[in-house]
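So the structure is just underneath, and the comments pick up after that.
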There are 2 protein chains.
Amino acid sequence: MLKLSKKADYGLMALQHIASNQYGDVAHARVVNTKEIAEEYHIPVELLAKVLQTLSKSGIIESHNGPKGGYLLGKNPREITIAHVLESLEGPLGIMDCSHEKDGDACMQREHCNIRTPLLKIQNSIYQLLNNMTLQDMLGGTPLITIQSVATEQQGVER
Amino acid sequence: MLKLSKKADYGLMALQHIASNQYGDVAHARVVNTKEIAEEYHIPVELLAKVLQTLSKSGIIESHNGPKGGYLLGKNPREITIAHVLESLEGPLGIMDCSHEKDGDACMQREHCNIRTPLLKIQNSIYQLLNNMTLQDMLGGTPLITIQSVATEQQGVER
DNA sequence: TGATCTCCGACCAAATCAGTCGTACAAAAG
DNA sequence: CTTTTGTACGACTGATTTGGTCGGAGATCA
């Protein structure tokens, strides 16, 4: 549950890649294009293209047309929050349908709804989580891992 | 994005209702049936039934057959975590597809995947959030509200 | 001018989800 | 002990969302 879409996955991967090439060892910014990223991560090109276009509209990246064109980061990695990326790709964060509706309409059970307040609280916490993490955080400490001790076995999950 | 399913919504509402009737003012436990809940919250009966069945299998509630039958909580509200409820209704928590897969299979981009570790961290934080909140927390402070000052006007959500 | 690349719209197929129908079973009533 | 009532339960179906595809137009550089 709460799985995020492929678009989001691809978008984050692409951003990480772009950022690496732009702020990596070499000083000069390198423009990377859609095809390059798609091949590197085995992503369908056209879909990735659409994702990048969306990110471009949101100002997260800049597009450069023509041959030798491609994408560059629109701002500093520290300024790019995960929340912003995800929201621009998947729409606004909303745990439940009635997250940001005006008063009474559209929700039959609204007046009797007993779970709205606590759920809003959860939603807000998640938002803060995503809003406090930036692309920069995804660059630095990514040592290929094996943290599986965290949430794998412990909970008595029935399958 | 990250919206949870109707099943989850209905399940939480129903649990809140059951808990209220069982641990409310009156000392004796009152058995509530599917139809009652469905009418109260305007939920399609059969769908709610299925949800309750699932919760019953997970041991979160107990079912009682026959006339005057219905449902009761399977444990104390403090023992019932939101995480458990949601996972039993929507499957295990997984921000990304490769959340709990064993090593190399099933994910083409796995070896080049640069976002797995940070995303796992986020996922784990969300899990803790859901795991620390119990049904009890949804009972106490739910004063029927008309808190519309929170998320109506202001888009820029702070804390 | 021609080749290469991004941009943009519409389009299709597969998977998931919300909701429905019919049956089996347990408890109360006669 | 049989009937009747109301429940749980599981299989089934329709609708919405999502992942992925296709074709063309505009911009830039050699």
For nucleotides 17-21 of chain D, print each protein N/O atom paired with a nucleotide N/O atom at under 3.5 Å, atom names and distance only.
from    : atom 1 : to       : atom 2 : distance (Å)
dG19(D) : OP1    : Lys6(A)  : N      : 2.7
dG20(D) : OP2    : Tyr10(A) : OH     : 3.3
dG20(D) : O6     : Lys50(A) : NZ     : 3.1

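Atom P of nucleotide dC9(D) and atom CG of Leu55(B) are separated by 11 Å, given to the nearest angstrom. The nearest whole Å value for the distance from the CD atom in Glu62(B) to the C1' atom in dA8(D) is 15 Å. The CG atom of Leu48(B) sits 13 Å away from the P atom of dA18(C) (whole-angstrom rounding). In this structure, the CE atom of Met1(A) is 12 Å from the P atom of dC17(C), given to the nearest Å. The CD-P distance, from Glu39(A) to dC5(C), rounds to 11 Å in whole Å. One interatomic measurement links the two molecules: CD of Glu36(B) to C1' of dT7(D), which rounds to 14 Å at whole-angstrom precision. Distance CD (Gln53(A)) to C1' (dG24(D)): 13 Å, rounded to an integer number of Å. Separating the NZ atom of Lys35(B) from the P atom of dT7(D) is a distance of 7 Å, rounded to the nearest angstrom.
The salt bridge (charged side-chain N to carboxylate O under 4.0 Å, His left out) pairs that include a residue from residues 72-86 of chain A number zero, where partners must be two or more places apart or lie in different chains. The stretch residues 5-22 of chain A participates, sequence neighbours left out, in these salt bridge (charged side-chain N to carboxylate O under 4.0 Å, His left out) pairs: Lys6(A)-Asp97(B).
Applying the salt bridge (Lys or Arg N to Asp or Glu O under 4.0 Å) rule to Glu62(B) yields no partners; only residues at least two apart in sequence or on another chain are considered. The side-chain hydrogen bond (donor to acceptor under 3.5 Å, both in side chains) test applied to His84(A) returns no partner, not counting sequence neighbours. Annotation: side-chain hydrogen bond (donor to acceptor under 3.5 Å, both in side chains) contacts of Gln53(A) (sequence neighbours excluded): none. Remark: Ser5(A) engages Glu90(A) in a side-chain hydrogen bond (donor to acceptor under 3.5 Å, both in side chains) (not counting sequence neighbours).
The heavy-atom pair separating Leu48(B) from Ile43(B) by the smallest distance is CB-CG2, 4.0 Å.
Grouping Ile, Leu, Val, Met, Phe, Trp and Tyr by side-chain contacts under 4.5 Å, direct or through others, puts Val31(A) with Leu72(A).
Arg30(A) contributes atom CZ, which lies 10.5 Å from atom OG of Ser20(A) (distance to the nearest 0.5 angstrom).
For the OP1/OP2 pair of dT7(D) and a distance below 4.0 Å, the side-chain nitrogens and oxygens of Thr34(B) include no atom meeting the criterion.
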Quiz item: Taking protein heavy atoms under 4.0 Å as touching, what does nucleotides 24-30 of chain C look like 5' to 3' if B marks base contact, S marks sugar-phosphate-only contact and - marks none?
Solution: --BB---
